[in-house]
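For the numbers below, each heavy atom of this structure counts, side chains included, while hydrogens, waters and symmetry mates do not. Convention: sequence-line order gives letters A, B, ...; per-chain numbering from 1.
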Protein chains: 2
Amino acid sequence: MTDDEPWLSPDQQRAWRHWVALGTALPTALNRQLQEDSGLSLSDYDVLVALTEAPDGRLRVGDLASSLGWERSRCSHHVRRMAGRGLLDKTDHADDGRGAWVVVTDAGCAAIDRAAPGHARLVRDLVFADLSPAEVDVLQRALGAVVRRLG
Amino acid sequence: MTDDEPWLSPDQQRAWRHWVALGTALPTALNRQLQEDSGLSLSDYDVLVALTEAPDGRLRVGDLASSLGWERSRCSHHVRRMAGRGLLDKTDHADDGRGAWVVVTDAGCAAIDRAAPGHARLVRDLVFADLSPAEVDVLQRALGAVVRRLG
DNA sequence: ACGGAATAGTTGACACGTCACCTAAGTTGC
DNA sequence: GCAACTTAGGTGACGTGTCAACTATTCCGT
């Protein structure tokens, strides 16, 4: 399963270099555009998407965290900050005294509606431009495998 | 060039979800292992690699930044912190009174020597396991295209 | 050779993410 | 029905990255 030599092949190394470079550059570019368009950060955007896609438009903090692949404390911090800016509301969970629902406010809805088209277009133009469906499939499966290995 | 519809195809969306999830989870996993093995962060590691690969084992702050795809101020902050921990040294540039060389100290060399094998192995096992050379090539070209578009 | 523009690098304030630890509420075993 | 354990969530401290503004040096046109 794991080879004796720990090093990467030249091609793997090239791919990895690109990955590392993108790890900071791509989020930064997306953040800038979102900030400009709607005052949202990339993380804000992901939170809002997760919530608007949830069955009743609401999630518990822990479920939100795991649906985003975040740590609980990060999620807690971020929800507090977004609530402070009026994008989210937090209400007590009736059945479980420990839980708390997170809901999107009208301002949150407005913000994501303003942000979504430009964001989707930028992602498509930056990441998927000139990628054939077959290549997208390879990419999707490669990334999915890593996600599974980390999960 | 740019289609009218801003949205992503389902496959693109899947790939993008994975990408977003990995954007935090993978650096976190690598950071944890590096921290454990050698007390380095992922950024520390990248800085040390860039420097040890440079012609004379030294780079100016700006060149280091651009070779990592970082902003200058981030690089400046990070170099200062690493110098404070004894991993790097900063010396004045003779020819250009504005410049400053960044050099790896012995402690920095020792740290990266300790860190490298485990790091490379983890990257290979997490990212490249079960990826054929052809798939690595697709990945490498796809990522490279994004890097070029952002550059 | 001098004055303005570009360049190298730094700094401080702020938002973010992680870690270790904490509280409160539910769960389980006896 | 109570004590031990687990789970949901929050908190404070700390290191990191971005942005805007700053200083110091070099370049360049006239």
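- The listed nucleotides are dC16(C), dT18(C), dT7(C); the one nearest the side chain of R98(B) is dT7(C).
- Salt bridge annotation for R141(A)-E135(A): absent, with no cationic side-chain nitrogen under 4.0 angstrom from a carboxylate oxygen.
- Note: CG (L42(B)) to C1' (dG17(C)) measures 14 Å, nearest angstrom.
- Taking a cutoff of 4.0 Å between a charged side-chain nitrogen and a carboxylate oxygen, R60(B) and D96(B) qualify as a salt bridge.
- Taking atom CD of residue E36(B) and atom P of nucleotide dT18(C), one finds them 17 Å apart after rounding to whole Å.
- Under 4.0 angstrom from either OP1 or OP2 of dC19(C) there lies at least one side-chain N or O belonging to R32(B).
- Summarising the geometry, the separation between CG on L34(B) and C1' on dT18(C) is reported as 15 Å, rounded to the nearest angstrom.
- Under 4.0 angstrom from either OP1 or OP2 of dG10(D) there lies no side-chain N or O belonging to R72(A).
- The side chain of A100(B) sits closest to dG9(C) out of dG9(D), dC19(D), dG9(C).
- OP1 or OP2 of dG17(C) lies within a sub-4.0 Å distance of a side-chain N or O belonging to R74(A).
- Residue K90(B) places at least one side-chain N or O under 4.0 Å from the OP1 or OP2 atom of dT10(C).
- Phosphate contact (OP1/OP2 of dT10(C), side-chain N/O of H77(B), threshold under 4.0 Å): absent.
- A salt bridge links R17(B) with E53(A): the closest approach of a Lys/Arg side-chain nitrogen to an acidic carboxylate oxygen falls below 4.0 angstrom.
- Under 4.0 angstrom from either OP1 or OP2 of dT11(C) there lies no side-chain N or O belonging to S73(B).
- Position along DNA chain D of the nearest nucleotide to C75(A) versus T24(A) favours C75(A) as the more 5'-ward residue.
- Contact check, R60(B) against dG9(C): a side-chain N or O comes under 4.0 Å of OP1 or OP2.
- Under the 4.0 Å criterion applied to side-chain N and carboxylate O atoms, R32(B) and E71(A) are assigned as salt-bridge partners.
- Along DNA chain D, the nucleotide closest to D96(B) and the one closest to R80(A) are compared, and the more 5′ of them pairs with R80(A).
- Contact annotation for D63(A): no contact, since no heavy-atom pair falls under 4.0 Å across all strands.
- Between the CG atom of N31(B) and the P atom of dG17(D) there is a distance of 9 Å, rounded to whole Å.
- Distance CD (E71(B)) to P (dA8(C)): 15 Å, rounded to an integer number of Å.
- The 5' end of DNA chain C is approached more closely, in terms of each residue's nearest nucleotide, by W101(B) than by the other of D44(A) and W101(B).
- As a whole-Å value, the separation of D92(A) CG from dG26(C) P is 11 Å.
- In this structure, the CZ atom of R81(A) is 11 Å from the P atom of dT18(C), given to the nearest Å.
- Within the nucleic acid shown, D95(A) comes within 4.0 Å of sugar-phosphate atoms alone, with no base atom in reach, counting heavy atoms only.
- The only member of R81(A), R85(A), Q35(A) that meets side chain to side chain donor-acceptor pair (under 3.5 Å) when paired with D44(A) is R85(A).
- Between the CD atom of Q33(B) and the P atom of dC19(C) there is a distance of 14 Å, rounded to whole Å.
- Salt bridge present: D130(B) and R149(A) bring a charged side-chain N and a carboxylate O closer than 4.0 Å.
- Look at T28(B) and you'll find a side-chain N or O under 4.0 angstrom from OP1 or OP2 of dT18(C).
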